[in-house]
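Counting starts at 1 for both ligands and their atoms, in listed order. In what follows, residues are counted from 1 in the order of the sequence shown.
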Amino acid sequence: MEDRTTKGRVVIKDEWPGYSLSLFTYPEHYHEDVESVYIPHGVIMDRIERLARHIMEDISDHNIMVLCVLKGGYKFCCDLVEHIKAIGRSSNKYLETRVEFIRLKSYLNDQSTEDLQIIGSQDLSFLQGKNVLIVEAIVDTGKTIKALLKHVETFQPKMVKVAGLLVKRVPNMAENLPDYVGFEIPNRFVVGYALDYNEYFRDLNHICVISEVGKRKYKI
Ligand code: HPA
Ligand code: MG
């Protein structure tokens, strides 16, 4: 089996404090609710371009079925697909890209709950015989993604790869998942770029660290 780790990842160290908020623009309503800009939007975009190239190199067929894990994955998915298309246009290697959406829910406040619910498309029989790319914003223990992989594999796809924008260094982190990783981050709760805290912060373009004020304010 192919070594999933050879393509590398951007590793953000535990000591990284992030950039001061005053150096960037962000929605004013989140003033006080975030501590720092952890990964600026432009850096996210540049890294996704590189991931798109890796994906193009690995998929020799002409089609790819993208399975976007909502809601957190929607921006990553959209930007990744745009980059795949742009690379195709400039290199004359067009990939037919189709996108399907699936919703999983396992977090309340900043805590993972045990029960994984698949909401939306439960019947994924359209994946049969296809090259499938699961696109997920953040992976920590990998429990969610492993459960989803098991579910997807029952529909007999030709190949399944997983792209994770972020992997989190938690004590029992998923060592060899996903296949494509944008950034490895410390065990901190991050928001923005479609990642939420109880549905807030998805409208923040940068990936930021939530502040204690923010956690209290939006707790349910
Ligand atoms: N932020 C938002 N959603 C998440 C996170 C996080 O750090 N970890 C798992 N789901
Ligand atoms: Mg969430």
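Short contacts between ligand 1 and K168, defined as distances under 4.0 Å to a heavy atom of the residue, involve ligand atoms 5 (C), 6 (C), 7 (O), 8 (N). The ligand atoms of ligand 1 that sit less than 4.0 angstrom from a heavy atom of R188 are 7 (O). Every atom of ligand 1 with a heavy atom of D196 under 4.0 Å away is listed here by number and element: 2 (C), 3 (N). In the vicinity of D140, heavy-atom distances shorter than 4.0 Å reach the ligand 1 atoms 8 (N), 9 (C).
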Donor-acceptor pairs are to be reported for all side-chain atoms of residues 74-89 against protein atoms at under 3.5 Å, with residues two or more places apart or in another chain.
{"unit_1": "D79", "atom_1": "OD2", "unit_2": "Y193", "atom_2": "OH", "d": "2.5"}
{"unit_1": "E82", "atom_1": "OE2", "unit_2": "K85", "atom_2": "NZ", "d": "3.0"}

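Of the candidates N187, V170, L166, V190, the one placing a heavy atom closest to atom 2 (C) of ligand 1 is V190.
With sequence neighbours left out, the side chain to side chain donor-acceptor pair (under 3.5 Å) criterion links R202 to D196, E199.
Contact check for L195 versus L165: no side-chain heavy atoms found under the 4.5 Å cut-off. Looking at V160 and L149, their side chains come closer than 4.5 Å, going by heavy atoms from C-beta outward. A 4.5 Å side-chain heavy-atom check between N187 and D140 finds every atom pair outside the cut-off.
D196 has its closest N, O or S atom to the Mg ion (ligand 2) at the position named OD1.
In this structure, I185 does not count as a contact residue of ligand 1, since none of its heavy atoms falls inside 4.0 Å of the ligand. Close to ligand 1: I138, with a non-hydrogen atom less than 4.0 angstrom away.
Checked for salt-bridge contact, E35 and R188 meet the test: a charged N lies under 4.0 Å from a carboxylate O.
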